[in-house]
Amino acid sequence: MAYISLNDQYINQFVHAHELVQIQPMINTADQLLRSGTGAGHTFRGFLNWPVTYDKLELQRIKDTAALIQHNSEIFISIGIGGSYLGQRMAIAYLNGNFYNDNPNRHTPQILYAGNSLSSAYLADLLTLLDGHDFAVNVISKSGTTLEPSLAWRVLKQKLQVQYGDDEIKNHLFITTDRQHGALKAEALAKGYQTFVIPDDIGGRFSVLTPVGLLPIAVAGGDITQLLQGAADARLAYHDPDIMHNDAYRYAALRNILYRKGYAIELLESYEPNLHYFSEWWKQLMGESEGKDGKGIYPSAANFTTDLHSLGQYIQDGRRILMETVLNVAKVPHDLSVPTDADNYDGLNYLAGRSINQVNHTAYTGVIQAHLAGGVPVMSVDIPELSAYSLGYLIYFFEIAAAISGYLNGINPFDQPGVEAYKKNMFALLKHDNEME
Ligand code: PA5
């Protein structure tokens, strides 16, 4: 049995057994396209075997570099956007809980992010924060030409240069980019900076288990060997195309059946606040993989119980276009019990002594019952605990589900042509402004 499982026990009022039987041949075709490399975008299937084919020497170099950074820097800044940013951010939050940067017992650097917007206010605030501190920068960009990280890189490189000078800067600056090409690779070669490789056959949104994610995760103290082990075990668990034996494929099948019935929006939900960035990562994975050719489920997210007090009304009573997938974590790292209150003004003493995690789970069950009654299909992905191993497993689950979902819907799950549209306009306008000056 797979370590992470799909719980679809509530779905049968929305999906009939014969629909699952009838989608199986389409799943087989999608699986065949993916595995044999005959599908669209096949040159980007590297994520499939990466958990076993990754460069073991580079993994050691990542661990050594993380140890160096932990030793010489109080702050670590990761520069990147989209697939070069979201995976590590979600992983660091998943593995380190809710208050990593503020934890006084933390022995690893504070982790900050840059290059994921064009806000000069953000960069200025960041520079102020760095004053008087030792820091290291990891710029992550496959192309090396994405505007947001490039501008942040220019600004932070200047600060590094002033603070550390030509020799010492090499212990504070690390580049993750293409093996051979691009501006960052050229700069690293010319200046002798240490680089880590983003594999040619792995696209940005599938790259969290490559050096893109591994270096920042390791700097924050994450066990990257266990992370890869979880993904390697998931690779074996999700190999059989039979949807009755492959939960990742069944998830792809069910959401596709629901999509065809008009459930055009999928909400990924969690009852743990530190999984907020997991949803951000998933939104990119699913949105960029599926949203093309006028098709695709719109990926959205909600944090419960927080958003029950904002989105809850719409989910319960609004247009019936939503389906929900819940990340259901069985065991949290720390549990508390509800204190007894002698005054009992709120009348909640009947909960005294109960586990707060259990209360959270009871809320989850109550929400499922309400939403099912309101006509919202709900399934959950059951996760035993928040560990590096479970995260690797989960990442692989969603990555392979994204690829299969794309082929099921007749699109190329590995390209992102739509992302270029705004860039073309923006660069044309920026060049135009330049010529006018
Ligand atoms: O998934 C993708 O390909 C994108 O999100 C990219 O990762 C993102 O645009 C950043 O690109 P780059 O790594 O080239 O700077």
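Not measured: the values here are computed from a predicted model. In each ligand, atom 1 is the first atom listed, and ligand 1 is the first ligand listed.
Per-residue contacts place Ile81 under 4.0 angstrom from the following atoms of ligand 1 (heavy atoms of the residue considered): 7 (O), 8 (C), 10 (C). Residue Gln284 approaches ligand 1 through these ligand atoms, each under 4.0 Å from one of its heavy atoms: 1 (O), 2 (C), 4 (C), 5 (O). Listed by number with element, the atoms of ligand 1 under 4.0 Å from a non-hydrogen atom of Lys142 are 12 (P), 13 (O), 14 (O). Close approach to Gly82 involves these atoms of ligand 1, each under 4.0 Å from a residue heavy atom: 5 (O). Atoms of ligand 1 lying under 4.0 Å from any heavy atom of Gly204, numbered from 1 in the order shown and given with element: 1 (O), 2 (C), 3 (O), 7 (O).
Ring centers of Trp281 and Phe278: under 6.0 Å apart, within the cut-off. When ring centroids are compared, Tyr85 and Tyr113 come within the 6.0 Å threshold.
Annotation: cation-pi geometry not satisfied between Arg45 and Phe414 (NZ/CZ under 6.0 angstrom from ring centroid, within 45° of ring axis). No cation-pi contact links Arg255 to Tyr259, judged by a cut-off of 6.0 Å to the six-membered ring centre and 45° from its axis. Under the 6.0 Å distance and 45° angle rule, Lys424 does not count as a cation-pi partner of Phe427.
For the residue pair Ser387/Gln226, the side-chain donor-acceptor check at 3.5 Å is not satisfied.
Of the protein's non-hydrogen atoms, the one nearest atom 2 (C) of ligand 1 is Glu288 OE1, 3.5 Å. If you check which protein heavy atom lies closest to atom 6 (C) of ligand 1, you get Gly83 N, 3.9 Å. At the top of the distance list for atom 11 (O) of ligand 1, counting protein heavy atoms only, stands Thr146 OG1, 3.5 Å. Shortest contact from atom 14 (O) of ligand 1 to any protein heavy atom: Ser143 OG, 2.7 Å.
Between the OG1 atom of Thr29 and the CG atom of Leu34 there is a distance of 12.5 Å, given to the nearest 0.5 Å.
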